[in-house]
Chemist: 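So that we are looking at the same thing, I have put the structure below in structure tokens.
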Amino acid sequence: MCESRTLYGLRMRICMVCPSYPPQAVTCGVGDYTRCLAEELVRQGEQVTVVTSTGYRGDSGGAFHVLPLVSKWSAVEGWKLIRSQRRQSADVIHVQYTPDLYGHRSSFALTPLVSRFLPRRAPVVVTFHTLIGGGLWSKVMAPWLLLTADRSISANEEVSDLIHRHLPALESRVTEIGIGSNIQVSTAGRDAVRRSERARLGLPDRAPVLAHFGLVYPGKGLETVFRALPAILREHPLARLVVVGDTRSEDRSYRDGLDRLAREKEIAHAVLWTGRAPSEAVSLLLAAADLFVVPYDAGGTVRRGSLMAGLAHGLPVVTTPSPVPSSSL
């Protein structure tokens with residue numbers, strides 16, 4: 001459809017749906033992925049509207065419209081969305097999905113089915129970023145969405161493998177389009193950035209710097225890094241760990257536990273928390289590092305945007321074995 005519209009000089013009208021579209025109170029990899037995708041589609045000449053939650057804290061203007069319309073992702077809101085996009089003659093409704101993105105037991109998952117009852121409707125495409133998490137409800141929702149969406153996209157090899165093993169009858173309905181890094185590599189000279197960033201952070205120019213990037217929550221493997229850091233400091237006393245990432249309110253106790261672990265291991269002085277940072281600042285921080293450490297509990301896979309960012313910046317990466325054979329790692 002996109003090629004045929006481009007051939008006749010028409011712009012494709014795309015409605016992107018993502019509850020966590022940035023900026024929000026807490027950063028989100030799926031939201032950032034949606035931002036990158038929307039911006040690229042606009043650069044290619046398409047017309048994009050993003051529907052997100054009322055937690056959106058940005059400007060709804062710019063190259064495309066961001067509509068912070070939804071406070072509760074229910075089937076009713078899904079029906080309203082479909083009808084509004086029908087009136088605006090949208091060519092496609094593109095829904096970004098993870099098990100917890102729309103709230104526990106959200107009826108918004110009925111949207112693709114509901115859309116089928118309208119004539120001259122926009123097709124609904126669902127991109128699956130992960131099928132893991134969400135308990136029993138997610139195990140119901142994944143096959144339901146795969147069955148009712150007009151088309152589905154797997155954002156990585158891990159999702160494709162899970163569908164292949166557990167839902168083979170629905171595999172033909174899915175196309176894999178892998179994600180890349182959502183952090184654009186700075187064009188500034190690496191040596192100059194390294195010196196200026198280390199000076200800004202108060203780090204010696206020759207100190208070994210380990211970087212960890214991403215939301216701070218259980219499963220990222222930061223405990224593993226903290227437990228390894230004493231041994232590293234014995235060999236390299238000036239070594240420092242820079243943690244670039246935000247902490248959600250529901251994960252505050254986890255972050256507090258990491259602070260306690262740092263005190264117990266006597267490494268608190270060697271850990272620098274930057275908190276949330278815009279993508280440009282993240283790129284500069286990664287350029288200042290020597291090693292990228294992301295020992296995910298469930299294994300390092302290409303569904304991890306943070307891992308892709310480390311690779312894109314050319315850093316040596318220390319991570320855990322992927323549970324899925326990868327052609328990209």
Side-chain angles (χ1 to χ4, degrees), residues 12-43 46-75 77-82 84-85 88 90-104 106-112 115 122-134 138 141-142 145-146 149-156 159 177-183 214-215 246 248 276 278-279 303-306 308:
M12 192 173 187
R13 293 179 291 269
I14 303 166
C15 173
M16 202 80 67
V17 181
C18 178
S20 59
Y21 190 84
Q24 300 267 345
V26 178
T27 53
C28 167
V30 175
D32 224 26
Y33 162 91
T34 307
R35 175 187 61 80
C36 292
L37 178 57
E39 291 174 352
E40 181 58 34
L41 287 169
V42 169
R43 276 193 291 269
E46 313 303 348
Q47 180 178 316
V48 178
T49 299
V50 178
V51 175
T52 188
S53 70
T54 51
Y56 176 71
R57 297 183 174 184
D59 180 1
S60 60
F64 51 89
H65 291 295
V66 180
L67 305 178
L69 300 177
V70 185
S71 58
K72 183 178 180 181
W73 295 88
S74 65
E77 293 298 337
W79 173 254
K80 292 179 181 177
L81 170 67
I82 293 164
S84 69
Q85 294 307 309
Q88 296 176 34
D91 294 304
V92 65
I93 297 173
H94 187 186
V95 178
Q96 308 299 323
Y97 174 79
T98 67
D100 61 351
L101 199 56
Y102 296 86
H104 184 58
S106 172
S107 59
F108 189 79
L110 294 172
T111 300
S115 74
V124 178
V125 176
V126 177
T127 289
F128 291 85
H129 293 268
T130 180
L131 302 182
I132 298 172
S138 67
M141 284 300 98
L145 287 170
L146 284 166
D150 291 275
R151 192 68 189 177
S152 298
I153 296 172
S154 162
N156 54 72
V159 168
I177 304 176
I179 68 169
S181 171
N182 60 346
I183 303 298
L215 270 176
D246 208 354
R248 299 173 295 198
R276 179 192 304 198
S279 59
R303 80 176 175 89
R304 301 284 190 176
S306 51
M308 303 304 286

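Numbers for residues simply follow the sequence, beginning at 1. Keep in mind that the numbers below use all heavy atoms, side chains included, and drop hydrogens, waters and symmetry copies. Here the structure is a predicted model, which is why all the values come from computation and not from measurement.
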Chemist: Which pair of non-hydrogen atoms, one from V92 and one from V125, has the smallest distance, and what is that distance?
Modeler: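 So the minimum-distance heavy-atom pair works out to CG2-CG2, 3.7 Å.
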
Chemist: Output all residues satisfying salt bridge (Lys or Arg N to Asp or Glu O under 4.0 Å) with R304, sequence neighbours left out; order by chain, then residue number.
Modeler: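 With neighbours one apart ignored, the set is empty.
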
Chemist: Roughly how far, to the nearest 0.5 Å, is the CG atom of L131 from the CG atom of L146?
Modeler: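 Separation between the atoms: 7.0 Å.
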
Chemist: What's the separation between atom OG1 in T34 and atom CD in Q96, rounded to the nearest 0.5 Å?
Modeler: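 One gets 4.0 Å once the value is rounded to the nearest 0.5 Å.
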
Chemist: What residues, two or more places apart in sequence or in another chain, satisfy ring-ring contact (aromatic ring centres under 6.0 Å, His included) together with H129?
Modeler: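 H129 satisfies ring-ring contact (aromatic ring centres under 6.0 Å, His included) with Y33 only.
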
Chemist: Test of understanding: with ring-ring contact (aromatic ring centres under 6.0 Å, His included), list the residues that count as partners of W73, not counting sequence neighbours.
Modeler: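 W73 satisfies ring-ring contact (aromatic ring centres under 6.0 Å, His included) with Y102, F108 only.
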
Chemist: Would you indicate whether the side-chain heavy atoms of M141 and Y97 approach each other to under 4.5 Å?
Modeler: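 Y97 reaches M141 side chain to side chain.
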
Chemist: Would a 4.5 Å heavy-atom cut-off, applied to side chains only, mark I82 and T111 as touching?
Modeler: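 The answer is yes, as the side chains (C-beta and beyond) meet within the 4.5 Å cut-off.
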
Chemist: Would you mind reporting whether L69 and K80 have side-chain heavy atoms less than 4.5 Å apart?
Modeler: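 Heavy-atom side-chain distance check fails, nothing below 4.5 Å.
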
Chemist: Do you know the tightest heavy-atom contact between V48 and F64?
Modeler: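 Heavy atoms of V48 and F64 come nearest at O-CB, 2.9 Å.
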
Chemist: At what distance, to the nearest 0.5 angstrom, does CG of D150 lie from CD1 of I93?
Modeler: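 Answer for the CG-CD1 pair, D150 versus I93, is 9.5 Å.
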
Chemist: Mind checking side-chain hydrogen bond (donor to acceptor under 3.5 Å, both in side chains) for T98 and listing every partner two or more places apart, or none if nothing turns up?
Modeler: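 So T98 forms a side-chain hydrogen bond (donor to acceptor under 3.5 Å, both in side chains) with D100.
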
Chemist: Any side-chain heavy-atom pair from V30 and C18 closer than 4.5 angstrom?
Modeler: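 Counting from C-beta outward, V30 and C18 do come under 4.5 Å.
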
Chemist: Locate the shortest heavy-atom distance separating P68 from Y56; write the atom from each residue and the value.
Modeler: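 Closest pair (atom of P68, atom of Y56, distance): CB-CB, 3.7 Å.
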
Chemist: How close do N182 and G29 get, counting heavy atoms only, and between which atoms?
Modeler: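 What the structure gives for the nearest pair is ND2-O, 4.5 Å.
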
Chemist: Ignoring hydrogens, what is the shortest heavy-atom contact between I179 and R303? Give both atom names and the distance.
Modeler: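 Looking at all heavy atoms of both residues, the closest pair is CD1-O, 3.6 Å.
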
Chemist: Taking only residues two or more places apart in sequence or in another chain, which ones pass side-chain hydrogen bond (donor to acceptor under 3.5 Å, both in side chains) with T127?
Modeler: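 Here the qualifying residues are H94.
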
Chemist: Who passes salt bridge (Lys or Arg N to Asp or Glu O under 4.0 Å) against R248, sequence neighbours left out?
Modeler: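 Residues passing salt bridge (Lys or Arg N to Asp or Glu O under 4.0 Å) with R248: E250, D251.
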
Chemist: With sequence neighbours left out, what residues match E39 under side-chain hydrogen bond (donor to acceptor under 3.5 Å, both in side chains)?
Modeler: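 Here the qualifying residues are R35.
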
Chemist: Can you sort out the partners of K72 under salt bridge (Lys or Arg N to Asp or Glu O under 4.0 Å), two or more places apart, ordered by chain and number?
Modeler: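 By the salt bridge (Lys or Arg N to Asp or Glu O under 4.0 Å) rule, K72 matches no residue at all.
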
Chemist: To the nearest 0.5 Å, what is the distance between CD on Q85 and CG on D91?
Modeler: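 Here the interatomic distance stands at 10.5 Å.
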
Chemist: Please name all residues satisfying side-chain hydrogen bond (donor to acceptor under 3.5 Å, both in side chains) with S20, sequence neighbours left out, ordered by chain then number.
Modeler: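 By the side-chain hydrogen bond (donor to acceptor under 3.5 Å, both in side chains) rule, S20 matches no residue at all.
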
Chemist: With S107, which residues qualify under side-chain contact (heavy atoms from CB on, under 4.5 Å), at least two apart?
Modeler: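 Partners of S107 under the side-chain contact (heavy atoms from CB on, under 4.5 Å) test: S74, A75, L110.
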
Chemist: If you take all heavy atoms of P112 and S115, which pair is closest and at what distance?
Modeler: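 In terms of heavy atoms, the two residues are closest at O-OG, 2.7 Å.
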
Chemist: Using the salt bridge (Lys or Arg N to Asp or Glu O under 4.0 Å) rule, collect all pairs that involve residues 47-58, keeping only residues at least two apart or in two chains.
Modeler: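 Those involving residues 47-58 do not exist here.
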
Chemist: Is L81 close to C15 at the side-chain level, that is, under 4.5 Å between some pair of heavy atoms?
Modeler: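 Yes; the side chains approach each other to less than 4.5 Å.
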
